[in-house]
Amino acid sequence: WTLDVRAEDSPSPYVLRYKEDDKPSLESENDIYDFLAGSPQACGVRSSFQRWEGEHFLAAAGKRMWLTAEDNVHPLLFDDNIKRTEDSVVAVRARRRRGDRFVTLTCEETQPLHDAMLLQADIIQAILNPDYFIDSVAKCEANFDKLMQDQQWRAGLDREQEIRSPVTVAQPRGAA
């Protein structure tokens with residue numbers, strides 16, 4: 001699967017396409033979420049590094065992870081560029097319940113999700129330790145259960161509009 005991200009004001013800002021042309025594309029966040037949440041197994045989605053780089057590595061331009069707080073679905077995203085800063089590779093699109101509008105969580109709002117849904121992959125350990133991903137998933141599952149008991153992290157889901165990231169951005173890699 002490949003995720004195409006279009007302009008925010010586009011009628012379909014996100015389009016999920018299968019590598020084969022015979023499968024239909026998913027063009028609404030609800031359809032994408034329903035597909036990913038209903039997958040009985042792991043699902044890989046390729047995003048555009050060039051787009052993220054072109055947007056100065058802002059999380060809002062990175063990979064998307066959809067989350068519905070009141071569903072019993074545990075999204076888990078591993079990536080070596082997941083960070084606790086604005087230049088993380090992940091933009092979390094979340095809502096409290098089905099039928100609500102998705103909002104992009106701020107960097108601050110994503111902090112409780114780290115090590116429960118967002119895990120910065122340790123590439124060296126992934127190579128050296130055959131149980132690295134199994135152990136990491138177990139740790140995330142335990143943290144996810146604790147997180148679901150805590151209502152405080154859900155506060156950002158009730159706002160009516162998007163909060164834009166500050167314009168101060170990280171320098172592109174390799175820039176002096």
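This one's a predicted model, so the numbers in the text were calculated from it and none came from an experiment.
- Taking the side chain as every heavy atom from C-beta outward, Met65 and Arg93 never approach each other to under 4.5 Å.
- Judged by distance alone, the side chain of Glu109 and the main-chain N or O of Trp153 form no donor-acceptor pair under 3.5 Å.
- At least one side-chain heavy atom of Leu113 sits less than 4.5 Å from a side-chain heavy atom of Leu147.
- You'll find the side chain of Asp122 stays beyond 4.5 Å of the side chain of Asn129, heavy atoms only.
- Contacts of Glu70 classified as side chain to side chain contact (heavy atoms under 4.5 Å, CB included), with partners at least two apart in sequence or in another chain: Arg96, Arg97, Arg154.
- The shortest side-chain heavy-atom distance between Asp100 and Leu157 does not fall under the 4.5 Å cut-off.
- Across all their heavy atoms, Thr110 and Cys107 have their closest contact at OG1-O, 2.8 Å.
- In this structure, CG in Leu118 is found 10.0 Å from CG in Asp79, a value given to the nearest 0.5 Å.
- For the pair Ala59 and Ala91, the tightest heavy-atom approach, listed with the atom from each and the gap, is O-CB, 3.1 Å.
- Between the side chains of Glu29 and Trp66, at least one donor N or O sits under 3.5 Å from an acceptor N or O.
- No side-chain heavy atom of Phe57 sits less than 4.5 Å from a side-chain heavy atom of Lys83.
- Residues forming a side chain to side chain contact (heavy atoms under 4.5 Å, CB included) with Ile134 (at least two apart in sequence, or on another chain): Asp131.
- Atom CD of Gln125 sits in a crowded spot, with more than 12 heavy atoms from other residues, nucleotides or ligands closer than 6.0 Å.
- For the 3.5 Å distance criterion, the side chains of Asp87 and Thr85 qualify, holding a donor opposite an acceptor.
- Annotation: Gln152, atom CD; neighbour count of heavy atoms from other residues, nucleotides and ligands within 6.0 Å does not exceed 12.
- Think of Phe78 as one node in a network of Ile, Leu, Val, Met, Phe, Trp and Tyr side chains linked at under 4.5 Å; its network also takes in Leu76, Leu119, Tyr132, Phe133, Val137.
- Partners of Asn143 under the side chain to side chain donor-acceptor pair (under 3.5 Å) rule, at least two apart in sequence or in another chain, do not exist in this structure.
- Once rounded to the nearest 0.5 Å, the distance linking OG of Ser136 with CD of Gln120 reads 11.5 Å.
- Qualifying side chain to side chain contact (heavy atoms under 4.5 Å, CB included) partners for Ile127, counting only residues two or more places apart in sequence or in other chains: Ile123.
- Partners of Thr68 according to the side chain to side chain contact (heavy atoms under 4.5 Å, CB included) rule, which considers only residues two or more places apart in sequence or in another chain, are Tyr33, Asp71, Arg95, Arg98, Phe102.
- Between the side chain of His114 and the main chain of Ile82, no donor-acceptor pair closer than 3.5 Å is present.
- No side-chain heavy atom of Asn81 sits less than 4.5 Å from a side-chain heavy atom of Val90.
- Taken to the nearest 0.5 Å, the NE2 atom of His74 stands 9.5 Å off from the CG atom of Leu67.
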